[in-house]
Protein chains: 2
Amino acid sequence: MFNNITNEKIYQQVINQIQNMILEGKLKNGDKLMSERELSQKMGVSRTSIREALRVLETMGIIESRQGEGNFICNKIETSLMQPLSMMFTLNNGDYKDIIELRQMIELEAVKLAAIRGTDEELEELKMISQRLTKKDEIYNKGEIDKEIHYKITCMSKNFLIKSLYTISLNLLENFIINSRQKIVEFYHEEETLNLQHKKICEAIIDRDPESAYKYMKEHLDLIKFTMEKI
Amino acid sequence: MFNNITNEKIYQQVINQIQNMILEGKLKNGDKLMSERELSQKMGVSRTSIREALRVLETMGIIESRQGEGNFICNKIETSLMQPLSMMFTLNNGDYKDIIELRQMIELEAVKLAAIRGTDEELEELKMISQRLTKKDEIYNKGEIDKEIHYKITCMSKNFLIKSLYTISLNLLENFIINSRQKIVEFYHEEETLNLQHKKICEAIIDRDPESAYKYMKEHLDLIKFTMEKI
């Protein structure tokens, strides 16, 4: 099952072996890994190297360490990838225009798929979230609800990769959505336009009308682009 | 500069502190980190915890350890993120249709931007890669060149996030591009159609004609979709 390891950068090779077993389908979601001691014997490396490798895999969201039970294969990779993309963006002095284009690319596609593939239950949930946007006594920040609507729509696309890449970008998008909403509200001295845009997008999805959903999402993202470039 | 650490999951907190310093712009690309000993003293944690944290950051492509010189902030995050997305896809029993949709989403946008933003030098490079596709004495696998053309076009979009997300997906896309090319060639008993499609896409980009580039890319991706669904 495991191969013996001889070269340097031992912990990296331990990681590679476990990753490959996942990619080959030999280790599945929920599977329990051998103990550190057993892994160390099977691979012929020190327990320190095994522990280092397990730490990396845990941080990457690939294994979950349960107190007293051992290490299990899990799938929290998405969440662990959010921080890295934000860091890459910062280290490369990323431009907010890239975020606008990314949103246009992902969300204009996702909104059409959501109108086609969303389940009745999801349409109901979307309706409830969108209603919260105009509620006077809503305790949550409107930016948070705004963000929630866009995320929900992307999940409703039912495309695992589109959803994953959006999730990975969520840290970046989150700040962007909240900032741009604030700027638009300040610029127009009202938030009715924004609320109406979200209402129209959600209604089109609920009516299972992909063309209108696309059209209203485009109007919404164009307004954001216009305002961000103007200010 | 660094805060003292008291709670459990020490190595994770060390990682968080370093990540936050990057996100806040206090640590930049190429900066040298303090030595393990200094970090351990400043943060009040063991050298083992520091080493574990550094191993994780190294695997994530955030720091680079140079023999005898120390640890430096680097930006190889993209490459380190490829494997995780492939694993997520496998752990979720991903569907190849998701990959087709992802390609349509990213590449139809990227090809338009490439025609507008590609530098003259890049257009020249693209021309040279595309010519290799029809060379009789080309030693590389045609699937590899095919993949290279699509990656080059995405990089020419000049959108850092679009390029990054494509890079992160490259492991998945790579296998898909090579497999689907093989299937199309087997199905039609020729590869001229595929080569002609790439030629048209590249020529439209070189002519700086985003609409034609989009149209030919769509024809190409539609052929892939059609063939993959049929076989």
Side-chain angles (χ1 to χ4, degrees), chain A residues 9 11-12 15-16 19 22-25 27-29 48 51-53 55-62 73-75 77-78 80-81 83-95 97-99 101-102 104-106 108-110 113 157-165 168-169 171-172, chain B residues 9 11-12 15-16 19 22-25 27-29 48 51-53 55-62 73-75 77-78 80-81 83-95 97-99 101-102 104-106 108-110 113 157-165 168-169 171-172:
Chain A
K9 282 232 175 179
Y11 78 100
Q12 189 57 57
I15 295 172
N16 291 345
Q19 286 189 333
I22 294 174
L23 287 172
E24 290 161 9
L27 281 174
K28 291 198 169 38
N29 219 337
T48 309
R51 200 170 304 124
E52 282 172 350
R55 297 291 206 210
V56 174
L57 290 168
E58 195 179 357
T59 310
M60 287 168 85
I62 295 163
I73 301 293
C74 70
N75 195 354
I77 307 178
E78 262 176 13
S80 73
L81 294 183
Q83 201 78 327
L85 194 77
S86 304
M87 275 189 291
M88 272 165 60
F89 195 70
T90 313
L91 286 171
N92 280 284
N93 306 311
D95 188 329
K97 285 177 186 156
D98 285 1
I99 302 183
E101 279 180 13
L102 181 75
Q104 282 177 321
M105 185 184 83
I106 297 185
L108 289 177
E109 190 59 33
L113 296 174
S157 76
K158 297 284 192 299
N159 181 309
F160 174 76
L161 291 170
I162 294 179
K163 184 200 151 241
S164 294
L165 294 181
I168 293 172
S169 318
N171 263 4
L172 283 174
Chain B
K9 282 232 176 179
Y11 79 100
Q12 190 55 58
I15 295 171
N16 291 345
Q19 285 190 335
I22 293 173
L23 288 172
E24 289 161 10
L27 281 173
K28 291 196 171 36
N29 219 337
T48 309
R51 200 169 305 123
E52 283 172 350
R55 297 292 205 208
V56 174
L57 291 168
E58 195 179 357
T59 310
M60 288 169 85
I62 295 163
I73 301 293
C74 70
N75 195 355
I77 307 176
E78 263 176 12
S80 73
L81 294 183
Q83 201 78 327
L85 194 77
S86 304
M87 276 190 290
M88 273 166 59
F89 194 69
T90 313
L91 286 172
N92 280 283
N93 306 313
D95 189 328
K97 286 177 187 156
D98 285 1
I99 302 183
E101 279 180 14
L102 180 75
Q104 282 177 323
M105 185 184 84
I106 297 186
L108 289 177
E109 190 59 34
L113 296 175
S157 76
K158 297 282 191 300
N159 181 309
F160 174 75
L161 291 170
I162 294 179
K163 184 199 151 241
S164 295
L165 294 181
I168 293 171
S169 317
N171 264 2
L172 283 175

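In the text below, chain A, chain B and the rest are named by the order of the sequence lines, each starting its count at 1.
Looking at B:Leu113, the atoms closer than 4.5 Å to chain A (heavy atoms on both sides) all sit in the side chain, from C-beta outward. Residue B:Met60 touches chain A through its side chain alone, counting heavy-atom pairs closer than 4.5 Å. Of the two parts of B:Ile168, only the side chain, counted from C-beta on, holds a non-hydrogen atom closer than 4.5 Å to a non-hydrogen atom of chain A. Looking at B:Glu109, the atoms closer than 4.5 Å to chain A (heavy atoms on both sides) all sit in the side chain, from C-beta outward.
The line from CD1 of A:Ile77 to OG of B:Ser86 is 9.5 Å long, rounded to the nearest 0.5 Å. A distance of 9.0 Å separates CE of A:Met105 from CG of B:Leu161, quoted to the nearest 0.5 Å. From B:Ile22, atom CD1 reaches atom OG1 of A:Thr90 across 8.5 Å, with rounding to the nearest 0.5 Å.
Residues B:Ile62 and A:Met87 come closest through the heavy atom pair CD1-CE, 3.3 Å. Here the closest non-hydrogen pair linking B:Leu91 and A:Leu27 is CD2-O, 4.2 Å. Across all non-hydrogen atoms, the minimal contact from B:Asn75 to A:Met88 is OD1-CG, 3.5 Å.
No side-chain donor from either of B:Glu52 and A:Tyr11 sits under 3.5 Å from a side-chain acceptor of the other.
The side-chain heavy atoms of B:Ser169 and A:Leu165, taken from C-beta on, include a pair separated by under 4.5 Å.
Remark: side-chain polar atoms of A:Asp98 are paired, donor with acceptor, to backbone N or O of B:Phe160 under 3.5 angstrom.
With chain A as the partner, the residue from B:Leu23, B:Leu172, B:Leu102 showing the most heavy-atom pairs under 4.5 Å is B:Leu23. Considering only heavy-atom pairs separated by less than 4.5 Å from chain A, the leading option among B:Glu78, B:Gln19, B:Gln104, B:Glu58 is B:Gln19. When each of B:Asn93, B:Leu85, B:Ile73, B:Ile15 is scored by its heavy-atom pairs under 4.5 Å with chain A, the top score falls to B:Leu85. Annotation: maximal heavy-atom pairing with chain A below 4.5 Å, among B:Asn29, B:Leu57, B:Asn92, occurs at B:Asn92.
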